[in-house]
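Heads up: the structure comes next, in structure tokens.
Keep in mind it's a predicted model, so treat the numbers as computed, not measured.
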Amino acid sequence: MENRPQWGTRAGFILAAVGSAVGLGNIWRFPGVAYENGGGAFFFPYLFALLTAGIPILILEFTIGHKYRGSAPLSYFRMRKGAEWIGWWQLAVSFVISTYYAVIIAWAMSYAYFSLSKQWGDDPLSFLVGDYLKVVDAGQVGSIVPGVFLPLVIVWFITLGILFKGVKKGIEVANKIFIPALFILFFVIVVRALTLDGAIDGVNAFFKPDWSQIFNGKVWVAAYGQIFFSLSIAFAIMITYSSYLPKKSDITNNAFITAFANSSFELLAGIGVFAALGFMAMQSGQPIDQVVSKGVILAFAVFPQIINELPAFSAAFGVLFFVSLTLAGLSSLISIVETYVAGVQDKFNVSRTKAVAIGGGLSALISILFATQGGLNFLDSADAFINNYGVALAGLVEVVFIVWVAKELTNLQNHADAISDIRLGSWWVISLKYITPIVLGIMMVMNILTDLKTSYGGYPVMFNVYSGWLVAIGAIVAGFVFAKAKKWDKALYEIPQDKGVSK
């Protein structure tokens, strides 16, 4: 009988998995990526990528966690003794992401408050960079920005408070509140955006297909990249979450539900964002392509400008939008921190309370760097490199190792088939054996060539070396260090059995 914590209900697990997948990238990254890569035509490679990479890897990670019943390092250790470092590498990637992700949520909290009086004024971009973040040149740290630091404390207080409560009473309960609230709030935003003048022009621009892009290799790579970064795969989250499932749980169905819920929210976000952008284009007399943006600028500069132009209920619209960002961010941050909390618990045999205090506390302290005047630059560089050479590269290594080195694909397929309604066929095997490794390999080559030719973001080369390259390399090194730090307790060598029967 195993003592590992478990989800209270299947719905609780699915909401937590969806909460992890649905994050800031769904709202501020997907609409712009789709528009830039063929609009409506992008949905064909997007769906193909979802079915040949996103869902197959999601099923793979759900199955690993469920079969081996541990955090990512413990699951890899039980799969193959020398593979533990891959799990620690993925945990290190999650740790890095958590340190700056929390700061973006703090920005969203601040902007929910700013929306009440449109505190950003007539020039939201200048307000963001100058008045709010007080940005200094790349490489400088500057002083702590109180307007970022104070909400950051609140973000960590909420996140760690939920994690202290545990899996069932903390994470599950929080996501049962956050995710329905997020979908309802964002649905209201979309409905309001669709009633604005010019909204239909914006939505038409979003869906209008540019079929000439369908044969462009970069468009297909962009589709795989969006799916990969959107579904929370390859940085230990889904392995960790599925390790808390009862033994009789439908793995494949859960993966399909999670993936399609995430994609549905992305589509909803695309409609809402482009309806608002269509309104902004009409108000400013500019074509749609002149107002499209993504990332920080879309959320914290373009949307405030849209809110300024709204004819009625602009403050409410702003509050809804930034509260939605906050909820999406919190549900993802909780899942990210849980990965290394679980890893520390398993490896060092400490209580959950101590693991949360150590792991979460250290991440919270480091996150203060991103709450300084130099924080935006450090965040931008770290995010780019840890995603390209952390998440994506770790995903490539994960798939290649499991399929071609450990040759565990058949065992994992048998495990998933034994407890799932949908049986895995050649589609799953071919996707993981050939399609995913090839596409991720191409992505890696393209990213490396791009970053070697030009310094990312126009930053000084040395700045990207220590705030980007060394961060990504450091995560790999951390993987080996933690793998060698301590031997596992003998009791953890065997995969525990339980009597769970819920499905």
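The closest donor-acceptor contact from the side chain of S20 to the backbone of A17 lies at 3.5 Å or more, if one exists at all. Side-chain N or O atoms of N26 include one that pairs as donor or acceptor with a backbone N or O of G23 at under 3.5 Å. Proximity of a side-chain donor or acceptor of Q213 to a complementary backbone N or O of A41 within less than 3.5 Å is not detected. In this structure, the side chain of S293 does not engage the main chain of I297 through any donor-acceptor pair within 3.5 Å. Side chain of T339 to main chain of I237: no donor-acceptor pair is present (N/O by atom type, distance under 3.5 Å, no hydrogens or angles). In terms of modelled atom types and a separation under 3.5 Å, the side chain of W427 and the main chain of L51 share a donor-acceptor contact. With W428 contributing its side chain and I57 its backbone, the two residues share no donor-acceptor pair below 3.5 Å. Of the possible donor and acceptor atoms, one in the side chain of S331 sits under 3.5 Å from a partner among the backbone N and O of G19. In terms of modelled atom types and a separation under 3.5 Å, the side chain of S455 and the main chain of G458 share no donor-acceptor contact. E61 places no side-chain N or O within 3.5 Å of a backbone atom of A236 that could act as its donor or acceptor partner.
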key: side chain to side chain contact (heavy atoms under 4.5 Å, CB included) between F207 and Y35, worked out   = CA-CA 8 Å; F207 283 108; Y35 179 77; over 6 Å; no
message = Is there a ring-ring contact (aromatic ring centres under 6.0 Å, His included) between W220 and F48? Walk through the geometry before answering.
response = CA-CA 9 Å; W220 287 80; F48 190 82; 5.7 Å; yes
key: Check against side chain to side chain contact (heavy atoms under 4.5 Å, CB included), F317 and R192   = CA-CA 8 Å; F317 185 88; R192 175 68 181 111; 3.6 Å; yes
query = Yes or no on ring-ring contact (aromatic ring centres under 6.0 Å, His included) for W107 and F322, after CA distance, side-chain angles and deciding distance?
reply = CA-CA 9 Å; W107 299 349; F322 289 110; over 10 Å; no
key: Worked check of side chain to side chain contact (heavy atoms under 4.5 Å, CB included) between V219 and I214   = CA-CA 7 Å; V219 170; I214 204 73; 6.0 Å; no
inquiry  = Run V173 and K165 through side chain to side chain contact (heavy atoms under 4.5 Å, CB included) and show every step you take.
reply    = CA-CA 10 Å; V173 170; K165 289 282 189 180; over 6 Å; no
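Counting all heavy atoms, side chain and backbone alike, G390 lies closest to W89 at O-CZ2, 4.2 Å. Taking all atoms of both residues into account, the shortest heavy-atom contact from T99 to S367 is O-CB, 2.9 Å. Between S332 and V22, the shortest heavy-atom distance links the atoms OG-O, 3.3 Å. Residues F303 and A276 approach most closely at CZ-CB, 4.0 Å, considering heavy atoms. Considering all non-hydrogen atoms of both residues, I271 and V190 come closest at CG2-CG1, 3.9 Å. Residues A234 and A394 come closest through the heavy atom pair O-CB, 3.9 Å.
In this pair, F370 and Y100 present their aromatic rings perpendicular. The plane angle is above 60°, beyond the 30 to 60° band.
In this structure the side chain of S98 reaches within 4.5 angstrom of the side chain of L333, judged on heavy atoms. Side chains of T372 and F149 form no contact here, defined as non-hydrogen atoms less than 4.5 Å apart. In this structure, the side chains of I158 and M109 come closer than 4.5 Å at one or more pairs of heavy atoms. By the 4.5 Å heavy-atom criterion applied to side chains, L15 and F178 are not counted as neighbours. The side-chain heavy atoms of Q305 and W120, taken from C-beta on, include no pair separated by under 4.5 Å. L50 places a side-chain heavy atom less than 4.5 Å from the side chain of F260. At least one side-chain heavy atom of F186 sits under 4.5 Å from a side-chain heavy atom of I27.
Side-chain polar atoms of S314 and N308 form no donor-acceptor pair below 3.5 angstrom. Donor-acceptor pairing under 3.5 Å is recorded for the side chains of S363 and Y340. Under the 3.5 Å distance criterion, with hydrogens and angles disregarded, no donor-acceptor pair is assigned to the side chains of S284 and E309. In this structure, a donor-acceptor pair under 3.5 Å is present between the side chains of D451 and Y389. One side chain, S263 or Y46, offers a donor N or O that lies under 3.5 Å from an acceptor on the other. A donor and an acceptor atom, one from each side chain of E338 and T240, are nowhere located under 3.5 Å apart. A side-chain donor-acceptor contact under 3.5 Å links Y456 and D380. No side-chain N or O of S431 forms a donor-acceptor pair with one of T52 less than 3.5 Å apart.
Test I162, T159, V341 against V356 for side chain to side chain contact (heavy atoms under 4.5 Å, CB included) and you get one pass: V341. Among the candidates L160, T326, I105, V103, the single residue satisfying the side chain to side chain contact (heavy atoms under 4.5 Å, CB included) test with V155 is I105.
Within a 6.0 Å sphere centred on CZ of F44, heavy atoms belonging to other residues, nucleotides or ligands number 12 at most. Counting heavy-atom neighbours within 6.0 Å of F183 CZ, excluding the residue itself, gives a total above 12. Heavy-atom contacts from other residues, nucleotides or ligands closer than 6.0 Å to OH of Y466 number more than 12.
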For residues 127-141, tabulate all N or O donor-acceptor pairs below 3.5 Å that involve a side-chain atom, not counting sequence neighbours.
from : atom 1 : to   : atom 2 : distance (Å)
Y132 : OH     : S110 : OG     : 2.8
Y132 : OH     : G147 : O      : 3.3
K134 : NZ     : D131 : O      : 3.1

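For F13 and F62, the ring centers sit closer than 6.0 Å to each other.
With sequence neighbours left out, F378 forms a ring-ring contact (aromatic ring centres under 6.0 Å, His included) with F463.
Interatomic distance, OG1 of T9 versus NZ of K176, reported as 3.5 Å (0.5 Å rounding).
Taking 4.0 Å as the cut-off between side-chain N and carboxylate O, E266 and R29 do not count as a salt-bridged pair.
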